[in-house]
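A short write-up of the structure that comes next.
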Amino acid sequence: MTDHATSAENACCRDFSRSRMSRRSLLQGAAALGGSMAVTQMFGDAMMQATFAGTSGGNTMVVISLRGGIDGLGLVVPHGDPSYYTARPTTAVPAASLICKDSMFGLHPAMAPLAPLWQSGELAAIQATGLAVPNRSHFSAIEAVEDADPGSAIRSGWINRMIGLGSGHGTLDAVQLGMNFPSTALTGSNPVLATQDLDGLLVPGLEDRPAQRYQSLQTAWAAAQGPLANGAREAVTISRGPGQKLKAMPATGATYPTVWNATPFAQPLKNAAKLIRADIGTDVIAIDAGNWDLHTGYGTISWGTMQSNISGFAQSLAAFMDDLGALRSRVTVVTISEFGRRIAENGSRGFDHGWGNMMLVAGAGVKGGAYHGRWPGLGSGSLVDSDLQVTTDYRNVLGEIVAKRFPDRSVPALFPGLAIEPVGVMA
């Protein structure tokens, strides 16, 4: 291990592998959802509150959190910087194996399913992105990334603030897919929904006489007061409306990968495509997928967890984009992660926590087929504490997407105090 692989960091990573959400964040989620925690036990797996008020025909942002700190240098490879190969004698991706290359960067070969998007100008990468100040703790770094409001004492995630800046506020404005609790990004005063699967939007017991079942529930809770009653009425409202619509939607015939390494990405993305096709006013879909905390088991381009994770991610995202069809004109995908990895291999031929990272942007409005951002270099004089320097605040990438795809939302209000510097990744 390198000098940053302290016992505290190792303990943090062991905790991360056991649980992908801190106790603090879980309690925040419970508080945000109020009585719906109790409603979950009664009406299924979906947590929800407030009112459904969807607006059809709008744009959707899909935010994929590559949680654990993905090695951005291993996915968007700086083959034109000789220090990359010096620092990674056993794990570097050979330049000859890269795809979508220019003179400085190329993509890991396991990204091949997404090469058509690159070639059609629908996929781009931004290098040297991240937090303005290094933070190598999984939990505090991801909370900082998802709060996106440094110095504020208000527990309000950036996605929650974003939907609050819109004209209509409903539970399905922001949806967390793949887990039954909201991440920090969705925590706040505005209503959100988190569900493992879209089937969780239906109350149970509808197999026989659904109309009578709904009427009974409505009658039972009509005069009740308090958060439990509010949550119960909301569960019924969602089930009768969007839940039933989603259930009745025919399958598209799209083929998603079923291999083990793709499932964590494929299942929530398949649900995301269905939610977008339903056109019920969802602005943001959040997905947490994969375990990218690769201190060990990193591997090469032919074996190991890194290439397996990238392959599963790329196959799933390609299937999702194909599934959308013409709706791709309304959907923009962006990836985030809490931090990058160290430039140099550790003693286990993996990578410890670092600073600078990369982001991917795909879909509608993207200036694709290009690498964006200012590359600081990997030479010793360019590094910060032996880490890749951040030259693009990740909020500027998110802010540019919001400004272009959701022009009714104020980026300065969304990211208070941000020195806005356009990245040029969106048309």
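No donor-acceptor contact under 3.5 angstrom links the side chains of N59 and R330, judged on distance only. At a cut-off of 3.5 Å, with distance as the only test, no side-chain donor of Q307 or S311 sits close to an acceptor on the other residue. Using a 3.5 Å distance cut-off with no hydrogens or angles, the side chains of Q389 and S382 do not pair a donor with an acceptor. No hydrogens or angles considered: a donor-acceptor pair under 3.5 Å links the side chains of D197 and N271. Counting only N and O atoms by type, the side chains of R240 and Q218 include a donor and acceptor under 3.5 Å apart.
Considering only heavy atoms from C-beta on, I336 comes within 4.5 Å of L398 through its side chain. Taking 4.5 Å as the limit, every side-chain heavy atom of V284 sits out of range of all side-chain heavy atoms of V175. Using a 4.5 Å cut-off on side-chain heavy atoms (C-beta onward), P109 and V93 make contact. At least one side-chain heavy atom of R328 sits under 4.5 Å from a side-chain heavy atom of D322. For the pair I64/V334, no side-chain contact is recorded, criterion being any heavy-atom separation below 4.5 Å from C-beta on. H108 is not listed as a side-chain neighbour of L98, based on a closest heavy-atom distance of 4.5 Å or more. Residues L186 and E146 are not in side-chain contact: their nearest non-hydrogen atoms beyond the backbone lie 4.5 Å or more apart.
A salt bridge does not link D352 with R342: every distance from a Lys NZ or Arg NE/NH1/NH2 to an Asp or Glu carboxylate oxygen is 4.0 Å or more. A salt bridge links D387 with R136: the closest approach of a Lys/Arg side-chain nitrogen to an acidic carboxylate oxygen falls below 4.0 angstrom. We find that D149 and R395 are not joined by a salt bridge, their nearest charged nitrogen and carboxylate oxygen being 4.0 Å or further apart. A salt bridge between R155 and E143 is present, with a side-chain N of the basic residue lying under 4.0 Å from a carboxylate O of the acidic one. The pair E338-R67 does not count as a salt bridge, with every side-chain nitrogen at least 4.0 angstrom from each carboxylate oxygen.
Of all the heavy atoms in L198 and L246, the pair that sits closest is CD1-CD2, 4.1 Å. Nearest heavy atom pair, residue L123 against residue W118, reads O-CE3, 3.3 Å. Among all heavy-atom pairs drawn from A144 and Y394, the shortest one is O-OH, 3.4 Å. Contact detail for F320 and A272: the closest heavy-atom pair is CE1-CB, 3.9 Å. Across every non-hydrogen atom of A364 and T332, the tightest pair is O-OG1, 2.8 Å. The nearest pair of heavy atoms linking A319 to Y256 is CB-CD2, 3.6 Å.
Put simply, the residue from M358, H372, E400 that forms a side-chain contact (heavy atoms from CB on, under 4.5 Å) with I126 is H372.
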Would L360 and L66 satisfy side chain to side chain contact (heavy atoms under 4.5 Å, CB included), going step by step from the backbone distance to the final call?
-> CA-CA 11 Å; L360 301 173; L66 304 175; 5.6 Å; no

Worked verdict on Q212 versus S216 for side-chain hydrogen bond (donor to acceptor under 3.5 Å, both in side chains) = CA-CA 6 Å; Q212 289 87 337; S216 296; over 6 Å; no

Which is it for Q244 and S239 under the side-chain hydrogen bond (donor to acceptor under 3.5 Å, both in side chains) test, yes or no, and what are the steps along the way?
-> CA-CA 6 Å; Q244 291 290 351; S239 181; 4.8 Å; no

Check the pair D147, R161 against salt bridge (Lys or Arg N to Asp or Glu O under 4.0 Å), reporting the backbone distance first and the verdict last.
-> CA-CA 9 Å; D147 282 347; R161 294 197 301 275; 5.9 Å; no

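Between the side chain of T129 and the main chain of D393, no donor-acceptor pair closer than 3.5 Å is present. Of the possible polar contacts, one joining the N357 side chain to the I70 backbone as a donor-acceptor pair under 3.5 Å is found. Between the side chain of H79 and the main chain of L107, no donor-acceptor pair closer than 3.5 Å is present. Under the 3.5 Å distance criterion, the side-chain polar atoms of T282 are left unmatched by any main-chain donor or acceptor of D173. In terms of modelled atom types and a separation under 3.5 Å, the side chain of T296 and the main chain of G350 share no donor-acceptor contact.
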Under 3.5 Å, sequence neighbours excluded: what are the donor-acceptor pairs made by side chains of residues 407-427?
{"from": "R409", "atom 1": "NH1", "to": "M162", "atom 2": "O", "distance (Å)": "3.0"}
{"from": "R409", "atom 1": "NH2", "to": "D283", "atom 2": "OD2", "distance (Å)": "3.0"}
{"from": "S410", "atom 1": "OG", "to": "A413", "atom 2": "N", "distance (Å)": "3.2"}

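For W303 and Y298, the ring centers are positioned 6.0 Å apart or more. Two rings, from H138 and F339, have their centers less than 6.0 Å apart.
The aromatic rings of F105 and W375 sit perpendicular to each other, their planes meeting at more than 60°, with 30° as the lower class boundary.
R277 is linked by a side-chain contact (heavy atoms from CB on, under 4.5 Å) to M249, T252, A273, K274, D323, L327, counting only residues two or more places apart in sequence or in another chain.
Judged by the 6.0 Å distance and 45° axis criteria, R88 is positioned over the aromatic ring of F351.
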